[in-house]
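Note that the numbering runs from 1 along the sequence shown for the chain.
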Amino acid sequence: MAKKSMVERELKRKKLVTKYSEKRKVILNSLKNAESLEEKFALNEKIQKLPRNSASTRLRNRCWKTGRPRGYVRFFGLCRNAVRELAHDCVLPGVTKASW
């Protein structure tokens, strides 16, 4: 189980990303279309004034059950330990233990 503070910090980051996503997208699109160097510098300053945690690259995939950040299986949204545990309990439909 991950520390509650880390899970809460990640939730705070998710909220910031959703809050600033549209503003960030507009600035980045205008930065791509900028012609002059001064205009690019001005837009770059605008991006830097936004909170760091509003960038989507700062997000980390976490298991929704345990909050574990490593061994994340995207298909289920769980860490490997939780996938194994739930598969053994026959909770995940269509998942069977491999044996040959």
Side-chain angles (χ1 to χ4, degrees):
M1 190 76 180
K3 292 190 329 186
K4 285 186 179 181
S5 62
M6 297 304 288
V7 174
E8 289 300 318
R9 191 180 301 167
E10 196 65 36
L11 288 174
K12 187 177 174 184
R13 281 189 189 125
K14 278 184 185 178
K15 287 177 188 173
L16 274 174
V17 167
T18 55
K19 181 179 178 183
Y20 287 99
S21 65
E22 196 61 39
K23 193 173 190 179
R24 188 173 279 275
K25 195 183 299 181
V26 167
I27 295 171
L28 287 174
N29 283 337
S30 56
L31 186 64
K32 286 180 185 176
N33 300 328
E35 307 254 338
S36 67
L37 198 57
E38 292 82 21
E39 189 180 355
K40 286 183 181 181
F41 284 145
L43 289 169
N44 201 18
E45 278 185 32
K46 279 186 180 180
I47 281 281
Q48 287 178 353
K49 295 230 173 159
L50 296 177
R52 277 191 179 179
N53 286 334
S54 68
S56 61
T57 55
R58 307 267 299 194
L59 290 178
R60 177 99 172 137
N61 289 332
R62 286 189 176 269
C63 174
W64 59 263
K65 185 178 179 194
T66 61
R68 191 172 197 271
R70 297 184 182 242
Y72 182 79
V73 181
R74 271 190 190 172
F75 189 77
F76 300 108
L78 294 164
C79 64
R80 60 185 174 79
N81 303 335
V83 168
R84 184 173 188 272
E85 184 182 303
L86 292 175
H88 282 303
D89 294 340
C90 299
V91 177
L92 299 177
V95 177
T96 57
K97 184 179 176 186
S99 60
W100 54 89

Residue pair G67 / R62: nearest heavy atoms and the distance that separates them: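 Taking G67 first and R62 second, the nearest heavy atoms are O-NH1, 2.6 Å.
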Once you round to the nearest 0.5 Å, how far does [atom1] of [X] lie from [atom2] of [Y]?
{"X": "K19", "Y": "L16", "atom1": "NZ", "atom2": "CG", "answer": "7.0 Å"}
{"X": "L59", "Y": "L11", "atom1": "CG", "atom2": "CG", "answer": "10.5 Å"}
{"X": "E10", "Y": "E8", "atom1": "CD", "atom2": "CD", "answer": "11.0 Å"}
{"X": "N44", "Y": "K46", "atom1": "CG", "atom2": "NZ", "answer": "12.0 Å"}
{"X": "R80", "Y": "R84", "atom1": "CZ", "atom2": "CZ", "answer": "9.5 Å"}

Give the other cluster members for L37, using side-chain heavy-atom distances under 4.5 Å between Ile, Leu, Val, Met, Phe, Trp and Tyr residues; answer none if it is isolated. F41
Could I get the full list of side chain to side chain donor-acceptor pair (under 3.5 Å) partners for N53, not counting sequence neighbours?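 If we apply the side chain to side chain donor-acceptor pair (under 3.5 Å) test to N53, skipping adjacent residues, the hits are R13, R58.
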Suppose we screen for side chain to side chain donor-acceptor pair (under 3.5 Å). Which residues come up paired with E85, at least two apart in sequence or across chains?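 With sequence neighbours excluded, E85 shows a side chain to side chain donor-acceptor pair (under 3.5 Å) to K65, given in chain and number order.
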Kindly state each residue pair satisfying salt bridge (Lys or Arg N to Asp or Glu O under 4.0 Å) with at least one member in residues 31-44, sequence neighbours excluded. none
V83: what forms a side chain to side chain contact (heavy atoms under 4.5 Å, CB included) with it, not counting sequence neighbours?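 Once residues adjacent in sequence are excluded, the partners of V83 under the side chain to side chain contact (heavy atoms under 4.5 Å, CB included) criterion are V73, F76, L78, L92.
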R70: what forms a side chain to side chain contact (heavy atoms under 4.5 Å, CB included) with it, not counting sequence neighbours?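 In terms of side chain to side chain contact (heavy atoms under 4.5 Å, CB included), with neighbours along the sequence ignored, R70 is linked to R60, R68.
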Considering only distance and modelled atom types, tabulate donor-acceptor pairs under 3.5 Å from the side chains of residues 21-30, sequence neighbours left out.
unit_1 : atom_1 : unit_2 : atom_2 : d
S21    : OG     : T18    : O      : 3.3
R24    : NE     : S54    : O      : 3.4
R24    : NH2    : S54    : OG     : 2.8
N29    : ND2    : K25    : O      : 3.4
S30    : OG     : V26    : O      : 3.1
S30    : OG     : I27    : O      : 2.8

